[in-house]
Trainee: 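Pasting in a structure now, in structure tokens, and then I'll have a few things to ask.
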Amino acid sequence: MFTFTVSRVRKGENLMISENPLAELKKECEALLKEATGKLQMAELLKQFAFEKPPVWEFGQLATSACFELAKHVGEKPLVLAQQLVKAMDKAKFQLVKEVSAAGGGYINFHANFEKLSALTLESVRQLDSEYGLVKTEKPKKIIVEHTSVNPLHPIHIGQARNPMLGDAVARMLSARGHKVFRHYYVDDVGRQTAVIAYGYKKLGKPKPAEKPDHFIGKIYTVTSCLVEINRLKKELERAKMVSAEEETAKINRELDDWVSVAFELKQKYPDLFEKLLEKINEDPDPEKSIGELNRAYEAGEEEAKRLIREVSQLCLEGFKETLSRAGVFYDSWDWESDLVWSGLVAEVLQKLRQTPFVTAFGGVLEFEAGKVVEFLDLREKLGLRKDYEVPSLTLVRADGTTLYTTRDIAYTIWKFSKAEKCINVIGMEQSLAQLQLKIALYALGYRDYAENLVHFAYNLVTLPGYKMSSRRGRYITLDEVLDEAIRRAYEEVSKRSPQLSEDEKRKVAEIVGVGAVRYALVEVDPAKPVEFNWDRVINFEKNSAPYIQYTHARACSILRKAARKPERPDYGLLKEKLEQELVFTLAEFPETFIEAVETLKPNLLADYANALADKFNTFYNAFPVIKAEPPELSDARLALVDAVRIVLRNALNLIGITAPERM
RNA sequence: GGGCGGGUAGCCUAGCAAGGAUAGGGCGCAGGCCUCCUAAGCCUGUGGUCGUGGGUUCAAAUCCCACCCCGCCCGCCA
């Protein structure tokens with residue numbers, strides 16, 4: 001079913017073109033229906049017509065079930081109404097419509113006039129080229145898409161990699177829609193975890209990384225975190241033993257066992273690093289305290305802490321940039337959480353929040369009572385909350401005076417809204433509650449408009465079949481590994497299939513194909529569903545994969561290259577095969593698919609679309625000759641069709657951040 | 001206990017917001033197709049109580065209610 005029917009026709013040199021050919025067809029169908037209902041004095045009963053795609057091609061290209069609805073008002077059978085409406089239509093007015101029929105229990109089916117629709121569609125695609133399908137919005141907005149924002153503690157792992165792929169695709173789509181899009185990376189450098197890595201890094205004497213910096217940082221973080229945790233648990237255990245709290249002792253023992261086994265793993269993996277950190281950390285009578293102190297000093301903006309933590313974070317980010325740029329993901333702004341703290345913005349927001357009746361203090365601790373806000377401002381329905389559900393409170397400030405993540409995020413969000421009208425946060429589903437509390441805080445502060453333009457783009461996790469990925473435990477598969485492996489496999493494949501390519505070309509193609517495979521795999525499934533990681537799924541070269549679509553694109557390019565001529569005198573009326581007409585229709589649908597994908601923020605719709613188009617094209621490719629088709633007017637029409645498929649496949653892939661190679 | 005998300009063939013997945021004609025794909029499995037534009041392909045076959053039970057409707061995978069299973073969240077973590 002479709003809703004979007006906006007389109008503009010403009011005059012080409014000699015042929016009409018349209019930025020949305022399918023919408024032209026719909027407009028015509030709608031006009032015919034309106035006229036017919038008018039004639040039968042039923043115009044008042046139905047003003048909107050929804051169109052759908054009939055289940056079988058032979059039924060036509062568009063259908064409406066309006067007569068079922070109409071039948072209720074008139075007391076006549078749907079089929080009879082459909083027949084009457086069809087009869088009342090003025091055939092002389094048919095342009096893109098060739099035939100209308102009543103069918104089934106009361107459908108009205110519209111058959112397209114492909115001689116005209118093919119001409120309109122193929123000319124439009126080829127003239128608009130890289131702009132075809134990218135229908136611009138009437139209301140362009142400034143939009144910030146915040147995505148990735150992986151903490152600078154360890155390399156980006158495959159569980160997190162879904163985020164940049166989705167975020168980047170969404171940003172590309174919105175931008176293509178005509179919005180002014182800014183891609184922001186929120187550098188979360190404030191908090192205990194950053195203090196942990198900085199602490200370990202300092203203990204090691206701030207070593208220069210001998211490998212990719214984020215991998216280097218990741219090792220130090222994992223080992224440090226593990227050792228500190230064991231240290232802390234041991235102390236807790238002693239305390240618990242002294243007061244002979246048996247249940248607690250047992251619990252701590254279990255946790256300790258867990259961490260000791262992690263330590264064992266880590267010692268095997270990185271013996272030197274492990275020994276050195278163990279030695280250094282043991283020198284510290286209270287590592288926990290040192291870390292807490294470092295965290296406090298950093299928030300307070302003390303010079304030494306600043307230098308240290310920024311150095312570590314920056315190091316890690318260098319690694320991220322390398323990985324992400326390889327995957328084709330870039331940012332317009334890197335926003336440091338610490339800057340928000342130091343600039344006083346966080347304090348300012350806290351001050352304002354304190355003045356609302358929704359914040360209470362006990363000791364130094366500040367609590368934000370989100371539930372109260374919901375009642376007071378009557379937000380329940382607006383936020384889609386159940387009637388008895390009480391939103392939990394949110395701690396804004398710790399007893400030691402430091403702030404918490406969501407508190408800073410409130411300040412950050414307000415800052416973002418000073419630069420944009422809409423903010424989309426690509427953040428995992430597990431943070432839904434925090435994102436809700438954040439939104440409620442905006443309402444509490446009187447930023448109603450911000451709250452309503454804040455979107456939490458939630459996505460589900462990527463899981464490993466055996467165990468849970470855990471960055472703290474150093475159990476993860478990095479995005480780098482996955483990309484390397486994908487490119488390696490792609491290289492093998494290219495070498496096997498296209499030995500004639502130069503070494504340089506093979507490498508380039510392998511890169512494009514490998515990266516594409518990974519991006520596609522992470523974007524293709526509904527973000528709400530979890531993805532179970534396995535190599536064959538993420539590095540798939542068969543149907544329903546980026547390589548498959550890329551291959552199809554390369555095949556189209558190959559035909560055009562071999563033809564070595566432009567389609568000078570195409571006769572689109574000769575495109576009489578069902579497959580050809582289905583291809584044309586699919587191409588005509590692209591603009592509406594694009595609009596729907598952007599408006600609903602569903603990049604997977606574009607992945608599905610591209611895959612479906614590739615399927616049809618391959619079937620066509622297998623069934624009919626193009627270059628040698630006779631007569632030449634048919635050959636030319638088919639060449640134009642191939643060219644249009646090439647353009648649309650490329651445009652669709654580009655929107656989700658995948659490059660379409662011309663050979664592979 | 002409460003909240004959120006998910007449940008569609010052996011496995012993975014589309015469709016669900018705006019209910020409509022025969023629930024699309026892919027993997028797997030069984031078979032077939034390269035003197036012809038790239039076989040990363042194409043064709044044929046195989047496989048479905050759309051989690052369960054009620055309800056609304058001329059019509060339910062889709063809407064409503066109840067329940068079951070899985071995941072996540074309910075931190076002075078992020």
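The chains referred to below are lettered A, B, ... by the order of the sequence lines, with proteins before strands, and numbering in each begins at 1.
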Trainee: I'd like the C1' distance from rU62(B) over to rC16(B), given in whole Å.
Mentor: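 Rounded to whole Å, the distance is 4 Å.
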
Trainee: Does any donor atom in the side chain of Asp335(A) or His184(A) lie under 3.5 Å from an acceptor atom in the other side chain?
Mentor: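 Yes, His184(A) and Asp335(A) have a side-chain donor paired with an acceptor closer than 3.5 Å.
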
Trainee: Considering only atom C1', compute the distance from rC58(B) to rC69(B) and round it to an integer number of Å.
Mentor: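 After rounding to an integer number of Å, I get 35 Å for this pair.
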
Trainee: Base, sugar-phosphate, or nothing: which does Gln431(A) touch, judged by heavy atoms less than 4.0 Å apart?
Mentor: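 Base, at least one base heavy atom under 4.0 Å.
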
Trainee: Looking at rG28(B), which nucleotide sits across from it as a Watson-Crick or G-U wobble partner, both distances under 3.5 angstrom, or is there none?
Mentor: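 Paired with rG28(B), as far as the under-3.5 Å criterion goes, is rU46(B).
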
Trainee: May I ask you to check whether over 12 heavy atoms, not counting those of Glu662(A), lie within 6.0 Å of atom CD?
Mentor: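 Result for CD/Glu662(A): open.
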
Trainee: Looking at Glu596(A) and rA17(B), is any side-chain donor or acceptor paired with a base atom of the opposite kind under 3.5 Å?
Mentor: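 Indeed there is one.
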
Trainee: Provide the distance between the two C1' atoms, one in rU8(B) and one in rU52(B), to the nearest whole Å.
Mentor: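 Roughly 14 Å separates the two C1' atoms.
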
Trainee: With C1' as the reference atom in both, quote the distance from rA59(B) to rC42(B) in angstrom, rounded to an integer.
Mentor: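 Here rA59(B) and rC42(B) have their C1' atoms 38 Å from each other.
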
Trainee: Hey, is the main chain of Pro625(A) close enough, under 3.5 Å, to the side chain of Arg638(A) for a donor-acceptor pair?
Mentor: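 Yes, Arg638(A) side chain to Pro625(A) backbone: donor-acceptor pair under 3.5 Å.
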
Trainee: Between Arg561(A) and Asn151(A), who's closer to the 5' end of RNA chain B by nearest nucleotide?
Mentor: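 Nearest-nucleotide comparison on RNA chain B picks Arg561(A).
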
Trainee: Quick one: is rA39(B) close enough that its OP1 or OP2 comes under 4.0 Å of any side-chain N or O from Arg555(A)?
Mentor: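 For rA39(B), OP1 or OP2 has a side-chain N or O of Arg555(A) closer than 4.0 Å.
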
Trainee: Is Ala63(A) touching bases, backbone alone, or none of the nucleic acid, heavy atoms closer than 4.0 Å?
Mentor: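 Base contact.
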
Trainee: Send over the distance from His553(A) NE2 to rC37(B) C1', rounded to a whole Å.
Mentor: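 Between C1' of rC37(B) and NE2 of His553(A): 16 Å.
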
Trainee: Verify whether the ring centers belonging to His111(A) and Phe59(A) lie closer than 6.0 Å.
Mentor: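 Not under 6.0 Å, so no.
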
Trainee: Lys616(A) NZ to rG41(B) C1': how many Å, rounded?
Mentor: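 Result: 17 Å.
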
Trainee: What is the distance, to the nearest angstrom, from the CD atom on Glu542(A) to the P atom on rG25(B)?
Mentor: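 One finds 18 Å between P of rG25(B) and CD of Glu542(A), rounded.
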
Trainee: Between Thr619(A) and rC43(B), does any side-chain N or O lie under 4.0 Å from OP1 or OP2?
Mentor: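 Checking Thr619(A) against rC43(B): at least one side-chain N or O falls below 4.0 Å of OP1 or OP2.
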
Trainee: Does the Asn460(A) side chain pair with the main chain of Ala528(A), one donor and one acceptor, at a distance under 3.5 Å?
Mentor: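 Answer holds: yes.
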
Trainee: Going by the rule side-chain hydrogen bond (donor to acceptor under 3.5 Å, both in side chains), which residues pair with Tyr621(A) if we only count those two or more places apart in sequence or in a different chain?
Mentor: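 By the side-chain hydrogen bond (donor to acceptor under 3.5 Å, both in side chains) rule, Tyr621(A) matches no residue at all.
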
Trainee: For RNA chain B, which residues in residues 393-407 of chain A have a heavy atom at a distance below 4.0 Å?
Mentor: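 Of all residues in residues 393-407 of chain A, the ones placing a heavy atom under 4.0 Å from RNA chain B are Thr395(A), Arg398(A), Ala399(A), Leu404(A), Tyr405(A).
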
Trainee: Determine, for Asp636(A) against Arg565(A), whether the closest basic-nitrogen to carboxylate-oxygen distance falls under 4.0 angstrom.
Mentor: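 Looking at Arg565(A) together with Asp636(A), the answer is yes, because their closest N to O distance falls below 4.0 Å.
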
Trainee: Under 4.0 Å: is that the gap between some side-chain N or O of Tyr389(A) and OP1 or OP2 of rG1(B)?
Mentor: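 For rG1(B), neither OP1 nor OP2 has a side-chain N or O of Tyr389(A) closer than 4.0 Å.
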
Trainee: Can you name the residues that form a side-chain contact (heavy atoms from CB on, under 4.5 Å) with Ala198(A), not counting sequence neighbours?
Mentor: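 Once residues adjacent in sequence are excluded, the partners of Ala198(A) under the side-chain contact (heavy atoms from CB on, under 4.5 Å) criterion are Leu294(A), Leu308(A), Ile309(A), Val312(A).
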
Trainee: Any side-chain donor paired with an acceptor under 3.5 Å for Ser313(A) and Asp189(A)?
Mentor: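 Asp189(A) and Ser313(A) do not have a side-chain donor-acceptor pair below 3.5 Å.
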
Trainee: Between rG5(B) and rG51(B), how far apart are the C1' atoms? Round to whole Å, please.
Mentor: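 Nearest-Å result for rG51(B) against rG5(B) at atom C1': 15 Å.
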
Trainee: Taking donor-acceptor contacts at under 3.5 Å, does the side chain of Asn618(A) reach the base of rA39(B)?
Mentor: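 Per atom types, no contact qualifies.
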
Trainee: Is any side-chain heavy atom of Glu52(A) closer than 4.5 Å to a side-chain heavy atom of Leu62(A)?
Mentor: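 Glu52(A) does not reach Leu62(A) side chain to side chain.
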
Trainee: If pairing requires Watson-Crick or G-U wobble contacts with both distances under 3.5 Å, which nucleotide is the partner of rC67(B)?
Mentor: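 The answer is rG51(B), by the H-bond criterion.
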
Trainee: Starting from C1' on rC27(B), measure out to CG on Asn611(A) and report it in whole angstrom.
Mentor: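 The distance from CG of Asn611(A) to C1' of rC27(B) comes to 13 Å, rounded to the nearest Å.
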
Trainee: Has Asn534(A) got a side-chain atom pairing as donor or acceptor with Arg537(A)'s backbone, closer than 3.5 angstrom?
Mentor: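 Pair found, side chain donor or acceptor close to backbone of Arg537(A).
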
Trainee: Could you pick out which residue, Asn295(A) or Asn622(A), lies toward the 5' side of RNA chain B when each is mapped onto its nearest nucleotide?
Mentor: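 Its nearest nucleotide being more 5', the pick is Asn622(A).
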
Trainee: Applying ring pair (Phe, Tyr, Trp, His ring centres under 6.0 Å), can you list everything that pairs with Tyr609(A), at least two apart in sequence or on another chain?
Mentor: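 Applying ring pair (Phe, Tyr, Trp, His ring centres under 6.0 Å) to Tyr609(A) gives Phe590(A).
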
Trainee: Grab the CG-P distance between Asp388(A) and rG1(B) for me, whole Å please.
Mentor: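 Rounding to the nearest Å, CG of Asp388(A) and P of rG1(B) are 16 Å apart.
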
Trainee: Rounded to the nearest Å, what distance is computed from the OH atom of residue Tyr609(A) to the P atom of nucleotide rG25(B)?
Mentor: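 Interatomic distance, OH of Tyr609(A) to P of rG25(B): 18 Å.
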
Trainee: Nearest 0.5 Å, what's the CZ-CD distance between Phe541(A) and Glu493(A)?
Mentor: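 Going from the CZ atom of Phe541(A) to the CD atom of Glu493(A) covers 6.0 Å.
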
Trainee: When rounded to the nearest Å, what value does the distance between P atoms of rC29(B) and rC74(B) take?
Mentor: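 Comparing P positions in rC29(B) and rC74(B) gives a spacing of 43 Å.
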
Trainee: Mind telling me whether His154(A) and Tyr221(A) have parallel, tilted or perpendicular rings, with 30° and 60° as the class edges?
Mentor: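 Rings of Tyr221(A) and His154(A): tilted, as their planes differ by 30° to 60°.
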
Trainee: Considering Watson-Crick and G-U wobble pairs with both distances under 3.5 Å, what does rA14(B) pair with?
Mentor: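 Looking at the geometry, rA14(B) pairs with no nucleotide.
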
Trainee: As a test of reading the structure: which of rC27(B), rA21(B), rU38(B) is closest to the side chain of Lys543(A), going by heavy atoms?
Mentor: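 Side chain of Lys543(A) sits closest to rC27(B).
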
Trainee: Name the pairing partner of rC33(B), where a pair is Watson-Crick or G-U wobble with both distances under 3.5 Å, or state none.
Mentor: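 Pair assignment: rC33(B) / rG41(B).
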
Trainee: Polar atom pairs between nucleotides 57-62 of chain B and protein, under 3.5 Å, N or O only, would you list them?
Mentor:
none

Trainee: Measuring only the C1' atom in each nucleotide, how far is rG31(B) from rC67(B)? A whole number of Å is fine.
Mentor: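 Between the two C1' atoms, the distance is 46 Å.
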
Trainee: Where the side chain of Lys562(A) is concerned, which of rG3(B), rC42(B), rC37(B) is the nearest nucleotide?
Mentor: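 Ranking rG3(B), rC42(B), rC37(B) by closest atom to the Lys562(A) side chain puts rC37(B) first.
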
Trainee: Could you state the atom-to-atom distance from CD of Glu369(A) to C1' of rC74(B) in whole Å?
Mentor: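 These atoms are roughly 16 Å apart.
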
Trainee: With heavy atoms under 4.0 Å as the rule, sort Val642(A) into base, sugar-phosphate or nothing.
Mentor: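 No contact at all - Val642(A) keeps every heavy atom at 4.0 Å or more from the nucleic acid.
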
Trainee: Quickly work out the Arg408(A) CZ to rC77(B) C1' distance and round it to whole Å.
Mentor: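 Atom-to-atom, Arg408(A) to rC77(B), this comes out as 10 Å.
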
Trainee: Tell me which nucleotide, if any, is Watson-Crick or G-U wobble paired with rG1(B) when both distances must be under 3.5 Å.
Mentor: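 Check on rG1(B): paired to rC74(B), both distances under 3.5 Å.
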
Trainee: Please check this pair: side chain of Gln160(A) against backbone of His157(A), looking for a donor-acceptor N/O pair closer than 3.5 Å.
Mentor: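 Judged by distance alone, yes, a pair lies under 3.5 Å.
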
Trainee: Along nucleotides 5-14 of chain B, 5' to 3', which nucleotides get a B, which get an S, and which get a -, given that the test is a protein heavy-atom distance under 4.0 Å?
Mentor: SSS----SSS

Trainee: Nearest to the side chain of Pro55(A), which nucleotide is it out of rA21(B), rG26(B), rC37(B)?
Mentor: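 From the listed options, rA21(B) comes nearest.
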
Trainee: Expressed as a whole number of Å, how far does the P atom of rA17(B) sit from that of rC63(B)?
Mentor: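 So the two P atoms sit 5 Å from each other.
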
